[in-house]
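Data first, discussion second: the structure below is written as structure tokens.
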Amino acid sequence: MEIMRIVITGPVGAGKSTFIRTISEIEPVDTDRKATDEVGSWKQKTTVAMDFGRLQFGPNVALHLYGTPGQERFDFMWEILIRKAHAFILLVSSHRPQDFRAARRILAFMRHRAKIPMVIGLSHADNPNAWPPEDIAIALGYLSPHNRPPMVQVNALDQGSVAAAMMKLIETYAKHQAEQLNWDAVRH
Amino acid sequence: MKITGYLSEFSLGEIFRFLEQGQKTGCLSIKPVETETLSIAPLKHHYIFFRLGQIVAATHELDHQGLQQLIEQRGFIHVTTIHRLLKLYPLNQPLGLLLKTQGALDSQQLQLLFKQQVLTPIPELFSLAEGWFKFDANHPLPLAEMTGLSAPPRDVALAGLRLLRDWTPLMDKLPLPDSTVISLSEGQPPCHLNSVEWRVWEYVDKTVTLEGIAQALNLPVLEVQKICFRLMVAGLVEEIPNISIEPSPSSPTPLPQPAEESSGSLSQSFLMGVLSFLKPKAMKGG
Ligand SMILES: Nc1nc2c(ncn2[C@@H]2O[C@H](COP(=O)(O)OP(=O)(O)O)[C@@H](O)[C@H]2O)c(=O)[nH]1
Ligand SMILES: [Mg+2]
């Protein structure tokens, strides 16, 4: 079984649970009994509220999605989640500037702990008070448009939109992996 | 887009950084919100003016009288003299520059005025229990309140916070003693640090807790918390709260052992497969 593990993180209300529910083929709660992977099996024994979703697209290939619980409390749950993750999406509500600080903290934490490819998903872009992506980028600390992770607007309620964000993440991952391989080839 | 909200949600440090990094021009107004605590003096409005991300003036009123009054208070020139000059020369440049060109003020005096204007309100602003802010990008810059000088908001915030005497209102915003701090900027900090800030800065990114820094530098831990708070406000560092790798004693189950292997890389065929699986779904939606 080849599994890609993707962490969906972001402040409370950003749309993590919705995102996972929208793309997952299983009901995110309680149906992950068969999950053989470490986090999944551990989850069913605990009461920690964590979202889990799965998307099997072939006999031996699947995506696993993990939503981080809570806000700003980086505890051992986070450690376990990100240790095995291949990539992550940071969801940020476009209309809640009061969440940008929490999002920045998560970014700093992830940058520090996990050097894995990422995409920023701007949810709630349909809200009339949504900030333009360019201003959100600045508020998150990305000043140069040439040196920032990919940013996509995403409506967590819409399957097409969520699938497009996932594609962006996987393309970003593939590019990152290709760069690493090239780099290894240069060094050897 | 409206840039407006409560300071408890989007802090003054964040607003400053956003306006600086976004190179915004306009007027930031801050209206203190009454809280239960009795204040003897009525709470004043604050207006801070930005030009291309730099602070160019600060006032309490929008009546264009603030700088003239400051000049008189300092004993530099009488307001009536300024009015006479303004009858002769139209105000088509910052008032400070105009007065300097006319020989009425020198550069040093302008610098004093600017410092007093922009630094004085900072400790009070950061200590507000609550405030309502609004940034208006269409507000014309008030030439009558401008000295012609400007300063980066983060330098203003840092310098202003160094003047803060009563930290009580900020106590619950300080980083915790068992946190570590990591830098947000590559290499040297892009603003002016004083010597004790420099000494703390040396420990950033070293996975030393604030308590550890305090011990190493022989400083009270509260002092290190304050310094780190200033560095956070200036957007130089971010607090990383202490991560307890141990589950809390109340945890229902023992933790699985940390996985020995990290996430291996994925095969090309896997990535191609998942992309072609997602593509029709992505096309269906908007
Ligand atoms: N309009 C709109 N609503 C959204 C969007 N994303 C999430 N929501 C709603 O926002 C609320 C919070 O979402 P939820 O998934 O629980 O957020 P979580 O705390 O990150 O798990 C729910 O009511 C969602 O239906 C979006 O992009 N647009
Ligand atoms: Mg949720």
Side-chain angles (χ1 to χ4, degrees), chain A residues 2 4-5 23 38-39 41-42 45-47 55 57-58 61 63 72-76 78-80 83-86 96-101 104-105 107-109 111-112 116 129-132 134-135 138-139 141 143 155 158-167 170-171 173-174 177 180-181, chain B residues 1-6 8-11 14-15 17-19 21-24 180 182 184 205 235 237-248 251-253 255-259 261-286:
Chain A
E2 191 168 9
M4 181 177 194
R5 295 181 194 82
I23 195 78
E38 178 185 282
V39 181
S41 58
W42 175 65
K45 286 183 260 154
T46 67
T47 50
L55 202 56
F57 58 97
V61 280
L63 293 178
E72 284 205 56
R73 259 192 66 239
F74 305 113
D75 55 13
F76 61 96
W78 280 71
E79 285 287 333
I80 295 170
R83 185 174 292 132
K84 297 200 84 184
H86 291 95
R96 289 175 54 86
Q98 60 267 43
D99 287 353
F100 296 163
R101 176 170 163 69
R104 253 202 348 263
R105 282 169 76 117
L107 280 169
F109 176 81
R111 208 164 31 234
H112 202 59
I116 54 176
N129 289 325
W131 282 37
E134 191 52 35
D135 279 334
I138 293 164
L143 308 187
N155 182 345
D158 177 75
Q159 203 191 38
S161 176
V162 171
M166 291 286 291
M167 285 183 72
I170 287 154
E171 284 160 8
Y173 177 86
Q177 186 166 288
Q180 297 248 287
L181 289 176
Chain B
M1 176 192 51
K2 288 180 304 203
I3 301 185
T4 170
Y6 287 102
S8 58
E9 297 183 328
F10 202 51
S11 71
E14 282 179 285
I15 299 168
R17 218 172 314 145
F18 172 75
L19 297 175
Q21 297 178 340
Q23 302 187 0
K24 306 283 182 191
T180 55
I182 58 168
L184 291 177
D205 282 336
V237 304
E238 190 72 84
E239 174 188 11
I240 299 286
N242 177 33
I243 298 158
S244 50
I245 306 290
E246 300 302 318
S248 62
S251 261
T253 47
L255 261 186
Q257 284 306 302
E261 35 75 78
S262 63
S263 52
S265 56
L266 297 163
S267 67
Q268 275 297 308
S269 65
F270 179 96
L271 296 172
M272 301 312 283
V274 67
L275 282 176
S276 53
F277 174 76
L278 288 172
K279 197 163 187 179
K281 290 178 188 284
M283 309 258 263
K284 246 193 301 176

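Chain letters run A, B, ... following the sequence lines, proteins first and then strands; every chain starts at 1.
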Under 4.5 Å from a heavy atom of chain B, the part of R96(A) involved:
neither
Chain B contact via L107(A) - side chain, backbone, both or neither, heavy atoms under 4.5 Å:
neither
W131(A) and A139(A): which non-hydrogen atoms are nearest, and at how many Å?
CZ3-CB, 4.4 Å
Option in L278(B), I15(B), L266(B), V274(B) with maximal non-hydrogen atom pairs under 4.5 Å from chain A:
L266(B)
Would you compute the distance between atom [atom1] of [X] and atom [atom2] of [Y] and round it to the nearest 0.5 angstrom?
{"X": "L63(A)", "Y": "R5(A)", "atom1": "CG", "atom2": "CZ", "value": "11.5 Å"}
{"X": "T180(B)", "Y": "E238(B)", "atom1": "OG1", "atom2": "CD", "value": "11.0 Å"}
{"X": "S269(B)", "Y": "E2(A)", "atom1": "OG", "atom2": "CD", "value": "6.0 Å"}
{"X": "K281(B)", "Y": "M166(A)", "atom1": "NZ", "atom2": "CE", "value": "10.5 Å"}
{"X": "L275(B)", "Y": "M167(A)", "atom1": "CG", "atom2": "CE", "value": "5.0 Å"}

So for [X], is it side chain, backbone, both, or neither that comes closer than 4.5 Å to the heavy atoms of chain A?
{"X": "F277(B)", "result": "side chain"}
{"X": "Q21(B)", "result": "both"}
{"X": "I182(B)", "result": "side chain"}
{"X": "S267(B)", "result": "both"}

